[in-house]
Amino acid sequence: MPRLLIVHHTPSPGMQAMFEKVVAGATTDEIEGVEVVRRPALSATASDVLEADGYLLGTPANLGYISGALKHFFDTIYYPCLDSTIGRPYGCYVHGNEGVEGALRAIRSITTGLSWQQVAEPVTVLGQPDKDALEACWELGATVAAGLMP
């Protein structure tokens, strides 16, 4: 069964709401035959990445960059997964209060190095996520998961 790994750093109510909608989209009844695994960024391992077929990444934008937790995740898995995960699909969601451009740039740079393929536009939210933003999170989860369906 294909596996979708959701790696997230969820330190705020806004990030929690976005995470829950991403999970809801990825696990909706219309998605069949895909296992969804959730891991906080600080506890996700190279084994988790190697066992997955696709990825969803969630992070706050902290001081113009990805969270330290997501950076730690990438630092931990980069070389062990570099040659074994080429071409795997991913999507991401980022929440910020002052801007998300640096965080998006970091994610793109690292995933380009890993040769992962972005399969959905990133969901970015400034301030509290509204109904439209949360719907976009649901769509992101559903889109990436649907792409893994057998």
Side-chain angles (χ1 to χ4, degrees), residues 2-32 34-46 48-78 81 85 87-149:
R3 179 178 291 172
L4 174 62
L5 175 64
I6 302 174
V7 177
H8 63 99
H9 183 62
T10 309
S12 67
M15 282 300 299
Q16 183 67 35
M18 293 172 72
F19 170 69
E20 288 173 5
K21 284 296 185 177
V22 165
V23 170
T27 59
T28 188
D29 290 342
E30 289 81 16
I31 306 294
E32 297 179 353
V34 176
E35 178 185 7
V36 177
V37 176
R38 305 154 191 91
R39 293 283 186 269
L42 289 174
S43 63
T45 66
D48 293 323
V49 174
L50 292 169
E51 293 170 359
D53 301 289
Y55 315 100
L56 273 165
L57 309 167
T59 184
N62 292 337
L63 304 171
Y65 197 67
I66 58 177
S67 70
L70 192 64
K71 176 69 168 75
H72 173 79
F73 162 74
F74 280 131
D75 287 347
T76 302
I77 66 96
Y78 192 87
C81 298
T85 61
R88 292 195 185 163
Y90 85 94
C92 67
Y93 60 99
V94 180
H95 176 268
N97 290 320
E98 297 180 13
V100 297
E101 299 80 12
L104 287 174
R105 190 170 33 258
I107 291 169
R108 285 190 186 114
S109 176
I110 296 166
T111 55
T112 296
L114 287 163
S115 297
W116 293 359
Q117 301 300 311
Q118 182 179 316
V119 295
E121 284 300 310
V123 174
T124 60
V125 176
L126 292 176
Q128 283 300 94
D130 62 14
K131 180 182 172 193
D132 290 340
L134 294 175
E135 178 64 25
C137 289
W138 189 96
E139 289 290 335
L140 175 67
T143 298
V144 177
L148 296 177
M149 285 177 36

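A side-chain hydrogen bond (donor to acceptor under 3.5 Å, both in side chains) check over residues 129-143, counting only residues at least two apart or in different chains, returns nothing. For residues 54-68, the set of pairs meeting the salt bridge (charged side-chain N to carboxylate O under 4.0 Å, His left out) definition, not counting sequence neighbours, is empty.
Every residue two or more places apart in sequence or in another chain that forms a ring pair (Phe, Tyr, Trp, His ring centres under 6.0 Å) with Y55 is listed here: W116. The side chain to side chain contact (heavy atoms under 4.5 Å, CB included) check on L42 picks up A69, H72, with sequence neighbours excluded. For A44, the side chain to side chain contact (heavy atoms under 4.5 Å, CB included) test picks out V7, R39, D48, F73, with sequence neighbours left out. For E51, the side chain to side chain contact (heavy atoms under 4.5 Å, CB included) partners are R3, S47, not counting sequence neighbours. Evaluation of the side chain to side chain contact (heavy atoms under 4.5 Å, CB included) rule for L50 yields C81, S84, T85 as partners, not counting sequence neighbours. Under the side chain to side chain donor-acceptor pair (under 3.5 Å) criterion, D75 pairs with K71, sequence neighbours left out.
The two residues G96 and V100 make their nearest non-hydrogen contact at N-CG1, 3.7 Å. Scanning both residues, A103 and I66, for their nearest heavy atoms gives O-CG2, 3.5 Å.
T59 places none of its side-chain heavy atoms less than 4.5 Å from the side chain of C92.
Here the OG1-NE2 distance, from T124 to H95, works out to 10.5 Å after rounding to the nearest 0.5 Å. Interatomic distance, D53 CG to L4 CG, rounded to the nearest 0.5 Å: 9.0 Å.
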Sequence neighbours left out, cut at 3.5 Å: what donor-acceptor pairs do the side chains of residues 8-28 make with other protein atoms?
unit_1, atom_1, unit_2, atom_2, d
H8, ND1, T10, OG1, 2.6
S12, OG, M15, N, 3.2
Q16, NE2, E20, OE2, 2.9
T27, OG1, V23, O, 2.7
T28, OG1, E30, OE1, 2.7

Just distance, no hydrogens or angles: give the donor-acceptor pairs under 3.5 Å from side chains in residues 107-114, sequence neighbours left out.
unit_1, atom_1, unit_2, atom_2, d
T111, OG1, Y90, OH, 3.0
T111, OG1, I107, O, 2.7
T111, OG1, R108, O, 3.3
T112, OG1, R108, O, 2.6

